[in-house]
Amino acid sequence: MDKRSFLKNVGMMGLAAPLSFAHLEQVVAAVQHLDPADLASDEDFWLKVRGDYDLKPDYINLENGYYCFMPRQTMNHLVEHMRSVNYEGSYYMRTVQWENKNKVANKVAEIVGCTAEEVALTRNTTESLDLIIGGMDWKAGDEAVMAEQDYGAMLNHFKFVERRFGVVNRFVSVPNHPKDDQELVDLYASAITDKTRLLMVCHMINITGQILPVRKIVDMAHSRGVEVMVDGAHAFSHIDFKMKDLDCDYYGTSLHKWLSAPLGSGMLYVKKEKIDTVWPLLSERDLEPNDMRRLNHIGTHPVHTDLAILNAIEYQNTIGLGRKEARLKFLQNYWTSQVRGLPRVVVNTPADMNRHGGIGNVGIEGIEPSDLADQLMKDYRIFTVAIDRPGVRGLRITPNVYTTTKELDALVSAIRELSA
Ligand SMILES: Cc1ncc(COP(=O)(O)O)c(C=O)c1O
């Protein structure tokens, strides 16, 4: 073996893992003929998927929105990658580190149908989106549009550019039960002025699970000369979409959420022709202005995480994103349809199947969200998170592919009892 192919083989150790999800492959092969919508309610199939997860028996985990921990096999791969990178040391870093990173970027790009040249692997959504907010060439008086229901880290960074550059931030408040898409498009349009440069919109609002009509909002904003940055923290690998269908300028997400990649992995997409308009946070050396790597000079970092992203993608591809999306929607609808309309129960997520994925939010009138979360955990061993934000007071309920309808029955019966 010559030196180059030896180095290549050593460096590819982690990538060349044998087919890692063989059992899952067999399980999925047996249901290939089924429509994802029919498979969504097939508890036997999803129980087999559940078998891939090491679940803590102390409580029912309905808080996967923070992050979706890895199935056992991805976790084992991560440990193996850590071992092999550590074994090779600088050898790995100096030979195939970048080649491998590029492979990962290609695979991540494939999920949303864009090119790797438009993708940077980041640590999370916060890094991805704050890089854009902080990297715009702001002038005093420029305006940005966002929603009260957007995520705190991004709202804070807009506050920061307000203080630093004199940007004016304008807010809309997204209704939990919109009449139609036009109502939402008009809402965002109403906040745009001739000074607006950037509009931020959630693909899926994290506190309610509502999916917004991003393409329609993008078209409206573009027609008024405004760029659009999409917060895709909860939509990526949760619902199936392609970047060209959205036509947004910037998109950020966390891969440790619905892709179930290791903690500390994220993605930033920037439309090719916009890359050279963004100031990097940390400068890169001698790269062309439209080279995405300009925005992503992070120095030496835990590269084994990158490698495990490939395993997470393989796991998701084996299940099939369409099947996963259908199951998550089914689970949400399974419990919300049983509690909607109960006295004192307020569901803060639209019922329309096109306006939600797996996330739902429920409150009980007269009970503080934090008390409700405490009570569910203490008396029913159900783990959720309390949300107390403008227009949204309740518990965010985020099941995952391993969640059973039996677990959701426990949630429904707890809500019935507590609201009675
Ligand atoms: C809508 C939304 N945006 C951004 C983030 C930030 O994600 P991260 O902490 O992975 O950067 C979250 C986290 O929950 C979120 O829900």
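Counting convention: from 1, in listed order, for ligands and their atoms alike. Values reported hereafter were calculated over all heavy atoms of this structure, with side chains retained and with hydrogens, waters and symmetry mates removed. In this chain, numbering begins with 1 at the start of the sequence shown.
- Annotation for ligand 1: atoms under 4.0 Å from non-hydrogen atoms of Asn206 are 1 (C), 16 (O).
- Ring geometry, His203 versus Tyr251: the interplanar angle exceeds 60°, so the pair is classed perpendicular (tilted spans 30 to 60°).
- Note on ring orientation: taking the six-membered ring where Trp is involved, the planes of Phe383 and Tyr59 are tilted (angle from 30° to 60°).
- Nearest protein heavy-atom neighbour of atom 11 (O) of ligand 1: Thr126 OG1, 2.6 Å.
- Classified by interplanar angle (parallel below 30°, tilted 30° to 60°, perpendicular above 60°), the ring pair Tyr402/Tyr53 is tilted.
- Relative ring orientation between Tyr67 and Phe69 is described as perpendicular, the plane-to-plane angle rising above 60° on a 0-90° scale split at 30° and 60°.
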Phe236 vs Tyr269, ring pair (Phe, Tyr, Trp, His ring centres under 6.0 Å): CA-CA, chis, key distance, verdict
CA-CA 12 Å; Phe236 182 88; Tyr269 159 87; over 10 Å; no

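- Residue-to-ligand polar distances place His234 within reach of ligand 1: an N/O pair is separated by less than 3.5 Å.
- Counting heavy atoms under 4.0 Å from ligand 1, residue Lys257 touches it through the side chain alone.
- Against a heavy-atom cut-off of under 4.0 Å, His256 is close to the following atoms of ligand 1: 10 (O).
- Scanning all protein heavy atoms for the shortest distance to atom 15 (C) of ligand 1 gives Tyr151 CD1, 3.3 Å.
- Of all the atoms in ligand 1, the ones that sit under 4.0 Å from a non-hydrogen atom of Ser254 are 7 (O), 8 (P), 10 (O), 11 (O).
- The pair Lys159-Glu162 does not meet the salt-bridge criterion, since no charged nitrogen lies less than 4.0 angstrom from a carboxylate oxygen.
- The distance criterion of under 3.5 Å between nitrogen or oxygen atoms is met by Asp231 with respect to ligand 1.
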